[in-house]
Amino acid sequence: MRVLWVTNDLPPRAGGIEQFVGNLLARVHPGSTIVLGPAPSDPAEAAAHDRAQPYRTQRAGGRVLPTSGIRRQVVALARAHRAEVIVLGACWPLGELAPALTRELDVPVVALSHGLEAGLPGVGLGVLVRRATRGLAAMTTISDFTESRLAPHVRADRLERVPPGVDVDRFHPGVDGRALREAWDIPADAMLVGTVSRLVRRKGQDHLVEVWPEVRRRHPEAWLVLVGEGPLAETLDRAIGLQGPQAQIRRVGRVGWDLLPACYAALDVFAMPCRTRLAGTDVEGLGIVYLEAQATGVPAIAGRSGGAPETVRDGQTGSVVDGDDRDTIVAAVDHWLADEGARRAAGRAGRRWVTSRWSWPAIAERFAGLLDEVVGEHTTGG
Ligand code: GDD
């Protein structure tokens, strides 16, 4: 099947939508797929990345948004590629292009949805979802939470569950994180709690840093590592600085994709106590990081925001906490640090949970099936 993807979120930039889109691109008809992606911030890094992929990448001159310039580019690419279906990396706002694309090209348009779209109806912006989905042959959702928020507003012909998954052959309990711990200058025998994510308030790194002295009071040997970059970096550095040179917190910035599995393997406990903000518009759609941690055999502490609780089996593979409640965060971290047996059991259970529910082959197959059905229905006029 000849597929044209249009997305503003594409690796090598780090992020959940990027990871999700990159995996589907590589796994569903890669040899006959072309993707129109955004201009990269580091052209050399992106060129090397794009060359190494099994699908073809074309970079736009700027961001990939529903403008008339992008629409013209998509139409030209679709014709040159003889695309049978167009996939939009995110339904909002790119779905605005769908009615015109279907009209001009006579091909069905499918869009993924994430957390952002699900936050819109709660603040009276369901109209944006309705507008962005009215030309879609199908839209996918990532969690029970996002589907329940979106369903009343979606005008696509079909709504299908396609969550992001994890490459369980890359993220597995055999990965060795010791070299990375050493590179971070964290003692080999320390208990290490950590998070991997963009540094933004929703993800809760600020609360982790705030509660860290209380965790240290109970576990003086514990260290905290924050992986990732983002707008909260300076605020976090100031908060860490206030705790003095003995804080036992490392902020290590962004890591390359190849080092990601080792980041999780270096941890004893993964903690990202995310929280919903901005009247519900800033909400966790799912949280791939929790799945990556559990696939690597590390217990995961998730925040009660959007679909994040759906990624963890509370008490068995990790914990679900109220990300605004510092005491609950401390209690959960304390629980997993204090009990090595429970950590090991949770690591095994988490690995089983992720491989059975969230591994890529089954998810990619579901998405390929959806494309087959949508193209089949379009061809037969169904
Ligand atoms: N290489 C690298 N380097 N990857 C990173 C870094 C970094 O420094 N920091 C985070 N990542 C990766 C994580 O490993 C994970 O694969 C991804 O970026 C983050 O994904 P999510 O945890 O899902 O969060 P998000 O906010 O970026 O993603 C949004 O879309 C997802 C997919 O629909 C949210 O709505 C999520 O809830 C949703 O799961």
Side-chain angles (χ1 to χ4, degrees), residues 1-11 13 15-30 33-38 55-60 62-79 81 83-118 120 128-142 146-147 150 153-164 285 363-364 366-368 370-375 377-378:
M1 182 181 297
R2 290 185 304 281
V3 188
L4 169 61
W5 276 76
V6 180
T7 179
N8 194 46
D9 307 281
L10 193 65
R13 196 171 68 199
I17 306 181
E18 290 81 351
Q19 198 266 65
F20 190 4
V21 166
N23 268 288
L24 285 179
L25 276 164
R27 290 162 195 274
V28 179
H29 307 301
T33 288
I34 183 163
V35 54
L36 177 64
Y55 49 85
R56 273 172 53 210
T57 304
Q58 178 143 336
R59 295 280 176 175
R63 300 210 292 163
V64 177
L65 297 172
T67 60
S68 50
I70 290 292
R71 181 171 55 76
R72 280 195 296 276
Q73 241 177 304
V74 173
V75 168
L77 261 181
R79 289 200 173 121
H81 184 56
E84 295 163 88
V85 60
I86 295 178
V87 182
L88 307 176
C91 124
W92 190 81
L94 279 174
E96 301 263 344
L97 289 176
L101 293 178
T102 312
R103 235 182 0 257
E104 283 188 64
L105 295 161
D106 191 27
V107 293
V109 181
V110 173
L112 309 184
S113 72
H114 309 277
L116 175 66
E117 297 89 341
L120 297 173
L128 296 182
V129 176
R130 295 195 286 279
R131 279 177 52 119
T133 56
R134 67 198 159 161
L136 298 177
M139 186 179 98
T140 65
T141 57
I142 57 172
T146 64
E147 190 157 321
L150 287 166
H153 303 276
V154 170
R155 297 292 176 263
D157 297 341
R158 337 169 33 147
L159 196 56
E160 295 281 336
R161 178 69 55 85
V162 181
I363 294 172
R366 205 181 308 165
F367 188 66
L370 174 63
L371 295 189
D372 278 344
E373 286 170 29
V374 161
V375 169
E377 280 164 17
H378 187 82

With a 4.5 Å limit on heavy-atom distance, are the side chains of H114 and T146 in contact? no
Between L94 and V64, the two heavy atoms sitting closest are CD2-O, 3.6 Å
Rounded distance [0.5 Å steps], CD in Q19 versus CG in L10: 12.5 Å
Can you see which heavy atom on W92 is nearest to which on A132, and at what distance? CD1-CB, 3.9 Å
For R63, all residues meeting salt bridge (charged side-chain N to carboxylate O under 4.0 Å, His left out), sequence neighbours excluded: none
I want to check something: taking the side chain as every heavy atom from C-beta on, are M139 and E117 in contact at a cut-off of under 4.5 Å? no
Can you tell me how far CD of E96 sits from CG of L101, rounded to the nearest 0.5 angstrom? 11.5 Å
Verdict with reasoning, L112 to L24, per side-chain contact (heavy atoms from CB on, under 4.5 Å): CA-CA 11 Å; L112 309 184; L24 285 179; 4.1 Å; yes
Kindly indicate whether the side chain of H153, heavy atoms from C-beta on, has any atom under 4.5 Å from the side chain of L128. no
Intermediate values then yes/no, side-chain contact (heavy atoms from CB on, under 4.5 Å), V3 and Y55: CA-CA 10 Å; V3 188; Y55 49 85; over 6 Å; no
Could you check whether any side-chain N or O of D9 sits under 3.5 Å from a backbone N or O of E18, counting only pairs where one atom can act as donor and the other as acceptor? no
When every non-hydrogen atom of A60 is compared with those of Q73, the smallest separation belongs to CA-NE2, 4.0 Å
May I ask you to decide if R2's main-chain N or O and H29's side chain share a donor-acceptor pair within less than 3.5 Å? no
Shortest non-hydrogen contact from A364 toward V28: O-CG2, 3.6 Å
Apply side-chain contact (heavy atoms from CB on, under 4.5 Å) to residues I70 and L65 and explain how you reach the verdict. CA-CA 7 Å; I70 290 292; L65 297 172; 5.6 Å; no
Apply side-chain contact (heavy atoms from CB on, under 4.5 Å) to residues V107 and V85 and explain how you reach the verdict. CA-CA 6 Å; V107 293; V85 60; 5.8 Å; no
Residues R59 and L36: closest non-hydrogen pair is C-CD1, 4.4 Å
Do L370 and R158 have side-chain heavy atoms sitting under 4.5 Å apart? yes
Side chain proximity check, V87 to F367, heavy atoms < 4.5 angstrom: yes
If you measure from CG on L371 to CE on M1, what distance do you get to the nearest 0.5 Å? 5.5 Å
Report yes if the side chains of R366 and R161 come closer than 4.5 Å at any heavy-atom pair, otherwise no. yes
With a 3.5 Å cut-off and no angle check, do the side chains of R155 and T133 form a donor-acceptor pair? no
I want to check something: taking the side chain as every heavy atom from C-beta on, are I142 and F20 in contact at a cut-off of under 4.5 Å? yes
As an exercise, state the distance from CD of E160 to CD of E373, rounded to the nearest 0.5 Å. 6.5 Å
Closest non-hydrogen atom pair between I86 and A78, with its separation: CD1-CB, 4.4 Å
Atom pair CG (L4) and CD1 (I34), whose distance is rounded to the nearest 0.5 Å: 7.0 Å
Compare all side-chain heavy atoms of I17 with those of L116 and state whether any distance is below 4.5 angstrom. no
side-chain contact (heavy atoms from CB on, under 4.5 Å) partners for I363, two or more places apart: V162, P163, W360
Is there a donor-acceptor pair closer than 3.5 Å between any side-chain N or O of T7 and the backbone N or O of L88? no
Sequence neighbours left out, what passes salt bridge (charged side-chain N to carboxylate O under 4.0 Å, His left out) with R56? Give chain and number order. none
